[in-house]
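Working notes, beginning with the structure itself.
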Amino acid sequence: MLPRRVSKTMARSLLLRQSRQPPRLLASNHLAARRTFSDRLMGYSPMAPDSPASKGESRIPTAKDVTTAGGIWAPTSAKRDKLGELKVELKEDQESLDDAATPSQLQDLYLVDGLQLIAKIADSTTDTSTPAISQFSEWLVEQQSKMPEEMDKDKWEAHLAIVGEQIDAMKSHISASGCLKDVRDYLDPTSIEEQDELDKISGPSFEVQDEAFAQAVLLFRLQLIEAAMEHFLASWDACTTVSDGDVDRAATQGQSLEPQASALPTAKVYKYLFAHLSGSCSDRVDAAWELIDKDHDGLLEESEMTLVAELCLTPVQLALPTLFDLALNEEPVKEADLAMGGGEAPEPAAKGWRQRRREAKMKKQLTKLFDKAIKNMFDEEVEMPHRLRCIYAWAEKAHQDNKLESIMVDSGWSDRKRYVELSPKISLPEFREVQQEHFSHLDRIGSEILKSYREDLWVLQGKGRERKELMRDSALFMSAVCIADYLILAT
């Protein structure tokens, strides 16, 4: 028993003294317990000195390992937390946030669903049977046969300008109002109850039956190849730059390698363009990998691997806003049409200036929100740079036995040599093994962006509902206070 006048600090020190265990030992044990989970992933890094994995066991962590350990990339975000709050606020008869949306808000969600289906087809399928794509592919093959094996930037700019004119001619035969007028009807979210059912519509077995929908997919593919040509020319310096590691490796073999290539192979560039015209996201990764592989060994540096991801991502980020603007400019389905259950829609009534102003304000808000989703989805939500670094670190690279190689190379301007450490290079199968586990978003870029945008719409609509409820509660409270004051003064 301790006297009552002993303070808590003195009591704690007495207890520690009685147990003969110094406070420092307790603190170290506590920190060790806190670090147990995060330290597990140190063994998965090929650069770690001590690996817990036994021989024959893969050191690549699974998604469950990353989630359990934590501290790798954020498992949640402010948007996810807000969506959780909105779902908690749903009423008993509402199963999803779609049920809480107004009829006009549902039209915006249906618009995203239709665009997501278009992007999903372009992301996951290969289209060589569409007559327009087949004819254009034959024209491109004919043009390729007339080109030299390699071309510099000026020749590529002149040649791609001709290709762009052909694409514009094809787009002129596609009516945006005809193929995107019913974009909200391409996917009815009320008929899709489980995500597994939505996944069944993707894949090579999915066939587009509706002619307008097929034209919409064709339009998006043409926009993709246009964006790919634009980004290819804008990234010319990055695509032609030889990595420092390759220059140093060539120096050790007595070869001189220019740090900047003056031309790129025609076959590789055309394969990259064909992948955006008729291929899937997986085809684009393969084509971009081959385009960046300048020494034809199938291996890339970490910086070149990052460039491959950017060559696949940026064209989709450039093409989606164009498709979104075309779909958004189409006349929305009226609420009266929804109750008709089919049939021909009546002639639209003349709009007043208030309605036109309200629609223009809403379109501006939706466009601004979409641009934000395009910009933030992969950089902030998915944390693409961090995931790519983890992919390179966790991949079991066979090159250099997955170890740093130390070499001495000539300085070039003097007889002195400089010390260089060369990191191992990664192959496409090694990249794919980790990427499909931890960065599968790269195989469905357009779908992921539109999925994120749909969640942004949920948050926007939920905040609007909360604002209305706050205004209503504030008005009721002020009314009650005014009535109470009046009654008090009257008496």
Side-chain angles (χ1 to χ4, degrees), residues 115-144 147 151 156-157 159-171 174 202 204 208 214-236 238-239 264-293 307-324 326 374 377-378 428 435 441-450:
L115 295 177
Q116 187 176 6
L117 183 58
I118 295 173
K120 194 163 192 175
I121 299 304
D123 286 345
S124 58
T125 62
T126 301
D127 186 4
T128 56
S129 59
T130 302
I133 292 182
S134 300
Q135 295 175 5
F136 186 46
S137 300
E138 293 175 359
W139 182 85
L140 286 176
V141 171
E142 182 181 355
Q143 295 297 315
Q144 180 182 356
M147 298 294 106
M151 291 195 298
W156 274 117
E157 287 179 346
H159 178 63
L160 293 182
I162 299 175
V163 178
E165 293 176 358
Q166 186 70 15
I167 294 175
D168 292 337
M170 294 181 62
K171 289 167 61 179
I174 301 176
S202 65
V208 179
Q215 291 292 307
V217 175
L218 173 61
L219 177 62
F220 181 55
R221 288 191 179 274
L222 293 176
Q223 292 171 347
L224 273 178
I225 188 175
E226 268 189 327
M229 294 189 301
E230 177 184 350
H231 182 61
F232 164 70
L233 294 176
S235 305
W236 177 267
C239 293
L264 286 176
T266 304
K268 291 185 177 182
V269 177
Y270 262 89
K271 183 177 181 180
Y272 175 70
L273 298 181
F274 274 118
H276 286 81
L277 173 64
S278 58
S280 61
C281 284
S282 179
D283 298 329
R284 297 166 206 164
V285 173
D286 297 344
W289 194 280
E290 186 175 344
L291 177 63
I292 301 303
D293 181 22
L307 179 60
V308 168
E310 294 176 355
L311 286 173
C312 299
L313 171 62
T314 307
V316 182
Q317 292 178 324
L318 294 175
L320 270 180
T322 305
L323 182 68
F324 179 79
L326 290 175
I374 290 282
M377 170 56 190
F378 277 84
L428 182 58
Q435 175 261 321
H441 315 74
L442 194 62
D443 294 330
R444 49 178 190 274
I445 297 175
S447 303
E448 288 293 331
I449 292 176
L450 287 165

Would you say that [X] contacts [Y] through its side chain, given a criterion of any heavy-atom pair below 4.5 Å between the two side chains?
{"X": "Leu450", "Y": "Phe324", "value": "no"}
{"X": "Leu273", "Y": "Val163", "value": "no"}
{"X": "Leu277", "Y": "Leu140", "value": "yes"}
{"X": "Leu313", "Y": "His231", "value": "no"}
{"X": "Tyr270", "Y": "Val141", "value": "no"}
{"X": "Leu428", "Y": "Asp293", "value": "no"}

May I have the step-by-step check of side chain to side chain contact (heavy atoms under 4.5 Å, CB included) for Leu222 and Ile174, ending in yes or no? CA-CA 11 Å; Leu222 293 176; Ile174 301 176; 3.9 Å; yes
Mark yes or no for whether [X], through its side chain, and [Y], through its backbone, hold a donor-acceptor pair below 3.5 Å.
{"X": "Asp286", "Y": "Asp283", "result": "no"}
{"X": "Arg444", "Y": "Ala119", "result": "no"}
{"X": "Ser134", "Y": "Thr128", "result": "yes"}

Hey, what's the ring geometry for Phe136 with Trp139, parallel, tilted or perpendicular (30° and 60° as the breaks)?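 Parallel.
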Is the Phe232 ring parallel, tilted or perpendicular to the Trp156 ring (thresholds 30°, 60°)?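 Correct class here is perpendicular.
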[X] side, atom [atom1]; [Y] side, atom [atom2] - distance, nearest 0.5 Å:
{"X": "Ser278", "Y": "Leu218", "atom1": "OG", "atom2": "CG", "result": "11.5 Å"}
{"X": "Arg221", "Y": "Ile167", "atom1": "CZ", "atom2": "CD1", "result": "13.5 Å"}
{"X": "Ile118", "Y": "Lys120", "atom1": "CD1", "atom2": "NZ", "result": "13.5 Å"}
{"X": "Leu323", "Y": "Gln223", "atom1": "CG", "atom2": "CD", "result": "5.0 Å"}
{"X": "Lys268", "Y": "Cys239", "atom1": "NZ", "atom2": "SG", "result": "11.5 Å"}
{"X": "Ile292", "Y": "Leu307", "atom1": "CD1", "atom2": "CG", "result": "4.0 Å"}

Please test Asp443 against Gln435 for side chain to side chain contact (heavy atoms under 4.5 Å, CB included), starting from the C-alpha separation and ending with a verdict. CA-CA 9 Å; Asp443 294 330; Gln435 175 261 321; 3.4 Å; yes
Please evaluate residues Thr266 and Gln143 with respect to the criterion side chain to side chain contact (heavy atoms under 4.5 Å, CB included), reporting the C-alpha separation (whole Å), side-chain torsions for both, the decisive distance (0.1 Å), and the verdict. CA-CA 11 Å; Thr266 304; Gln143 295 297 315; over 6 Å; no
Sequence neighbours left out, what passes side-chain hydrogen bond (donor to acceptor under 3.5 Å, both in side chains) with Glu226? Give chain and number order.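 Listed in chain order: Lys171.
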Testing the basics here: between [X] and [Y], what is the closest heavy-atom pair and its distance to 0.1 Å?
{"X": "Thr130", "Y": "Asp127", "value": "OG1-OD2, 2.6 Å"}
{"X": "Asp123", "Y": "Ser447", "value": "OD2-N, 3.0 Å"}
{"X": "Phe274", "Y": "Gln144", "value": "CE1-OE1, 4.2 Å"}
{"X": "Pro315", "Y": "Ala227", "value": "O-CB, 3.3 Å"}

For [X], what residues pass the ring-ring contact (aromatic ring centres under 6.0 Å, His included) criterion, not counting sequence neighbours?
{"X": "His441", "value": "Phe439"}
{"X": "Phe220", "value": "none"}
{"X": "Tyr272", "value": "His276"}

Test of understanding: with salt bridge (charged side-chain N to carboxylate O under 4.0 Å, His left out), list the residues that count as partners of Glu142, not counting sequence neighbours.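 Partners of Glu142 under the salt bridge (charged side-chain N to carboxylate O under 4.0 Å, His left out) test: Lys146.
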Could you work out, with salt bridge (charged side-chain N to carboxylate O under 4.0 Å, His left out) as the rule, every residue matching Lys271, not counting sequence neighbours?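 Salt bridge (charged side-chain N to carboxylate O under 4.0 Å, His left out) list for Lys271, sorted by chain: Glu290.
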Verdict with supporting geometry, Leu318 and Leu224, side chain to side chain contact (heavy atoms under 4.5 Å, CB included): CA-CA 8 Å; Leu318 294 175; Leu224 273 178; over 6 Å; no
